[in-house]
Amino acid sequence: VARITLLTDFGTADGYAAAVKGVIATLRPDAIIDDAAHDIPAGNIHAGAWALDAYWRYYPAGTVHVVVVDPGVGGARRAIAAAVDGHFFVAPDNGVLTRVFDDAAGTGVVVEITDRTLWSDVVSNTFHGRDVFAPAAAHLARGGGLSQLGDVIGDPVCFTLPQPLTDDDGTVCGEVVHVDRYGNLITNIPQSLIGDAVLVQAAGRELALRRTYSDAGDSEPLALIGSRGLLELAVRDGRADEVLALATGAPVVVPGGRSTP
Amino acid sequence: VARITLLTDFGTADGYAAAVKGVIATLRPDAIIDDAAHDIPAGNIHAGAWALDAYWRYYPAGTVHVVVVDPGVGGARRAIAAAVDGHFFVAPDNGVLTRVFDDAAGTGVVVEITDRTLWSDVVSNTFHGRDVFAPAAAHLARGGGLSQLGDVIGDPVCFTLPQPLTDDDGTVCGEVVHVDRYGNLITNIPQSLIGDAVLVQAAGRELALRRTYSDAGDSEPLALIGSRGLLELAVRDGRADEVLALATGAPVVVPGGRSTP
Amino acid sequence: VARITLLTDFGTADGYAAAVKGVIATLRPDAIIDDAAHDIPAGNIHAGAWALDAYWRYYPAGTVHVVVVDPGVGGARRAIAAAVDGHFFVAPDNGVLTRVFDDAAGTGVVVEITDRTLWSDVVSNTFHGRDVFAPAAAHLARGGGLSQLGDVIGDPVCFTLPQPLTDDDGTVCGEVVHVDRYGNLITNIPQSLIGDAVLVQAAGRELALRRTYSDAGDSEPLALIGSRGLLELAVRDGRADEVLALATGAPVVVPGGRSTP
C-alpha cells in the first residue's frame, strides 16, 4: 500500500484538492491519500510548516507527504522533493519544509524537481500542486528514485525559527508561535528549558503551570506542556487567544529563580 | 480491509487529525481511514454524539469508530472502548457515546482502556487522540480483542437525552436537539408519535407538516420528517434557525386533536 | 481498487458525508472514497458544478463521482447516473452535471435511477445521498451496469453556461463565473480568445495580463490564465474579490485592437 498525505491551503469548496488526488490516483491507482489539512490560511507558509510538523513523523516510513502552500507558484521559486528519515516530501521551495529540515539536522536529501518528463503534459502557471507535485508524489509512491526527479541541492529555502533565550538567572524568554483551533497559544519554549518553574508570565499576568486543561478552574488561563512538548497557554473550556488577547509573536516568559553565582 | 472512521473537534488547519491517522497507518498500514467530521464545535460533546449517530450504523460491522471530542483530556475522565452490534468505538468516557449506548439498550460491552503496553511510548497530557485512542483503534482494527485493552466497566458516562412528552389529548411536546449546516432544526420527536397531525407549533407560529422541502413555497417555514425519522423544522432554500430565530433547546409542539375520553 | 469521489454541500460537522461513505463501504468494503469537497455553499448547484469540473477528468477512467448538491431532494427532480468518457456520475438531475455534459458534447449516456431494488431498504424524503445515490455508486463501483439503474433519458437538466462574446474589432466581453478560496475571480473567457492582448478591463480599471501571481507587485491586481485555461483576475498575496469589489456575474472585457476591415 502506498500512502500519501496532502496538506494545502486550498480550502474545501473549489475542488482543487480533489484535482491533486485525481492525478495521483491515475498514476498510482491503489494509493491511499489521506487529507492532512486543507484549511491552512491562504498563502501562510509558517502555518503550513507548523501543521506539517504535527503529523509527519507519526506516519510510517515510506509515506509521501505532499505540501502545497505555494503563493509563489509559477514564479522563480523552485519545486523540491526531499527524503528525511525514510519519509518523502514534495513541496514548493519556499520554507514550508523548514521544520522538517530543522528536525533532520542536515541528514535529509533534497532535490530540485526539474525532470519535465515526469510532469503532467500540460503545466499551468498557477497550479503546480496538480501539474508538478502530484506526479512527483506518484513517482515516489511507486518506489521511483528521488534522484530521477532532479539534481540534489544544498540550499533549500528555510525561514528562521524563533528561538527562546535563557538569561543568567534561568529566566526563559520565548514567544507564541502558533494559535490552534481551540485558541491555545503554543510557544517555542520546550519542556526541557522549564525546569521546576510553577509560573509563566504573559499578557501582564502570571499563569500557573498545570498538568492538563482540567487542572484549572472554568475560564481560568493556565500554562501547560502541550502535545509537542512545548509550553502552551490555554483556557479551560475557553480560548486563550481571546481571554489573554494574544497572537503569534507575543512574548512569554518563564521566570528563573536561580541566584547569580 | 480494515476501515476506521474518525470524528473530532480538531478542525482542519492544525494537522491534529493527520497525527491520529499517521499513528493508525503506522500500526495498520492497509487501514482505510475515513474522515467523518472534524468541525464539531470545540469541546461540544452533545454535537459530537449527534454527528456520530448520523453515520455509525451505515458502516459495515467490524468498523472501528474513533471519536475524539475530549475537553477533559489528561484529567480524571476514563478512556473507553466499546463493542456495539458488531461495531467498535474508541472514545473518552464523557458521554460522547451516549446515543450509541442508548440505541444498544444495554447490549454493548464497554471496557476502560488501561493497558499501557498498547499506548504510544510517550503519552502527552493533552492529546490522547494520538497517543491512546489511535493505538487502541489500530489494535481493534487488527482483530485484537476488546478485553485486551482493559477491564469491562458497567457505568460509562451518559448524558440525559431529552425525551418528548405526550399529553392526555395526544399533544406531543418536544424540543430542538440539533441545528445542522442548512439551519434545519431537528427535534427529538419521532415520526411514531406524530400520527396524523398536519400542523406543528414552534416560535409562536403554526407550520404545515409536509413531505419534503420542495413541498413548501420559497422561504416558507415547514415541518417534515427528516432523514433519521425525527420531526424537523426547515425553510425551503433558507435557514429555519434564522427565519424562526430558534436554537437547540427550543420547544416544539405537535397539537393533538384527541378528545379526552 | 474501486475509487469513488464525493462532492457535497453537507459541511463537515453533521456526519452526513460519513453516512454516505458508510453505505458505500458496506456495499463495497474495499472502496477508496476520496472526499472531493463538502463545503459547497448550501444548495448552490452552480458552485457544485464548478468544483466538480475542477477534478473529475484528473481521476482515472472507471472512477465513480458522487455529487450531492440537492436542494430539491424528495421532490419532483429525478435521480440520474451517467457515463461520460469512461467516468461514472451519480447525482440529482438539477443541473449539477451541466459542465460534465457540456464537455462531453453529447457523447455521454444518462439514465434515470429508478430501480428501487438497488436503493436502501428505507428511503427518506430528505437524504437521497445516503439512500439512493450511495447504493447506486456502489453498484457502479462493483462493475454493475448503468442500464440496471434505470432507463436512458435524453433530457437531463442543464443550466445555461454564460458564453463570452467577441465584437467585430476582437473585443471579448465575458463575466466572472466563480470566486475561489483565494478571492481569485475566474471568468468564462478562454485563453484561445485572448490572442496577444496585454490588458484586461474590469471594475473600471485596466489590469495587466501577466504570466503568474508573482509577476505583479504586492497587492497589485493582475490578470492571468488560470489552471483551467480561463482568464482570471487576482491580487498577489491578496483577494481580488475584495480589492476590485467584484463578484460572480461581473463583466470583464479584453479590448481588441483589431481595426475594422
Side-chain angles (χ1 to χ4, degrees), chain B residues 1-3 5-9 11-12 30 32 34-41 44 47-63 65 67 87 178-184 186 191 210-216 224-230 232 234 236-239, chain C residues 1-4 6 8-36 38-45 68-77 92 94 120-132 134-135 138:
Chain B
V1 175
R3 197 168 291 259
T5 76
L6 181 55
L7 176 137
T8 75
D9 64 349
T12 50
D30 65 339
I32 298 179
D34 281 358
D35 293 304
H38 294 305
D39 287 331
I40 302 300
N44 191 327
W50 178 266
L52 173 63
D53 201 42
Y55 65 86
W56 75 268
R57 277 194 181 279
Y58 293 96
Y59 270 89
T63 302
H65 303 285
V67 184
H87 292 248
H178 185 72
V179 182
D180 75 6
R181 195 208 183 195
Y182 303 92
N184 297 327
I186 303 162
Q191 183 166 22
R210 309 276 194 178
R211 210 181 57 83
T212 192
Y213 307 116
S214 50
D215 291 335
L224 46 66
I225 303 300
S227 58
R228 294 196 212 183
L230 295 171
E232 182 177 319
R236 179 176 175 177
D237 301 328
R239 297 188 61 91
Chain C
V1 175
R3 196 168 292 258
I4 295 173
L6 181 55
T8 75
D9 64 349
F10 293 160
T12 48
D14 296 307
Y16 294 146
V20 175
K21 293 193 269 193
V23 170
I24 294 170
T26 296
L27 295 168
R28 190 71 165 96
D30 64 338
I32 297 178
I33 307 165
D34 280 358
D35 293 303
H38 294 305
D39 287 330
I40 303 299
N44 191 326
I45 295 164
V68 192
V69 181
D70 193 12
V73 60
R77 72 103 186 88
N94 60 13
S120 293
D121 293 341
V122 177
V123 175
S124 68
N125 293 319
T126 59
F127 195 2
H128 287 189
R130 181 190 67 191
D131 303 330
V132 176

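What you see below is based on every heavy atom in this structure, not just the backbone, and it leaves out hydrogens, waters and symmetry mates. Only a predicted model underlies this, so the values are computations on that prediction, with no experimental measurement involved.
- To the nearest 0.5 Å, atom OG1 of residue C:T26 and atom OH of residue B:Y58 are 10.5 Å apart.
- B:H178 and C:D14 get closest at one heavy-atom pair: NE2-OD1, 2.7 Å.
- A side-chain N or O of B:Y182 and one of C:D9 form a donor-acceptor pair less than 3.5 Å apart.
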Would C:N125 and B:I225 satisfy side-chain contact (heavy atoms from CB on, under 4.5 Å), going step by step from the backbone distance to the final call?
CA-CA 8 Å; C:N125 293 319; B:I225 303 300; over 6 Å; no
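- When the candidates C:A134, C:A31, C:S120 are compared by the number of heavy-atom contacts under 4.5 Å with chain B, C:A31 comes out ahead.
- With chain B as the partner, the residue from C:P29, C:G72, C:A17 showing the most heavy-atom pairs under 4.5 Å is C:P29.
- In terms of heavy-atom proximity, C:A13 sits nearest to B:A51 at O-CB, 3.7 Å.
- A donor-acceptor contact under 3.5 angstrom links the side chains of B:D180 and C:Y16, judged on distance only.
- Without hydrogens or angle criteria, C:K21 side chain to B:D35 main chain gives a donor-acceptor distance under 3.5 Å.
- With a 4.5 angstrom heavy-atom cutoff, C:R130 touches chain B only via side-chain atoms.
- In plain terms, the two heavy atoms of C:G22 and B:P60 that are nearest each other are O-CD, 4.1 Å.
- B:N184 contributes atom CG, which lies 8.0 Å from atom OG1 of C:T126 (distance to the nearest 0.5 angstrom).
- In this structure a side-chain-to-backbone donor-acceptor pair under 3.5 Å is missing from B:R3 to C:A25.
- Among residues two or more places apart in sequence or in another chain, the side chain to side chain donor-acceptor pair (under 3.5 Å) test is passed with B:T12 by A:D39.
- Only the side chain of B:I186 comes within contact range of chain C, with at least one heavy atom under 4.5 Å from a heavy atom of that chain.
- When heavy atoms are compared at a cutoff of 4.5 Å, C:V73 approaches chain B by way of both its backbone and its side chain.
- B:S214 places no side-chain N or O within 3.5 Å of a backbone atom of C:G74 that could act as its donor or acceptor partner.
- Side chain of B:Y59 to backbone of C:A19: no donor-acceptor contact under 3.5 angstrom is found.
- B:S227 contributes no side-chain N or O that, together with a main-chain N or O of C:S124, makes up a donor-acceptor pair within less than 3.5 Å.
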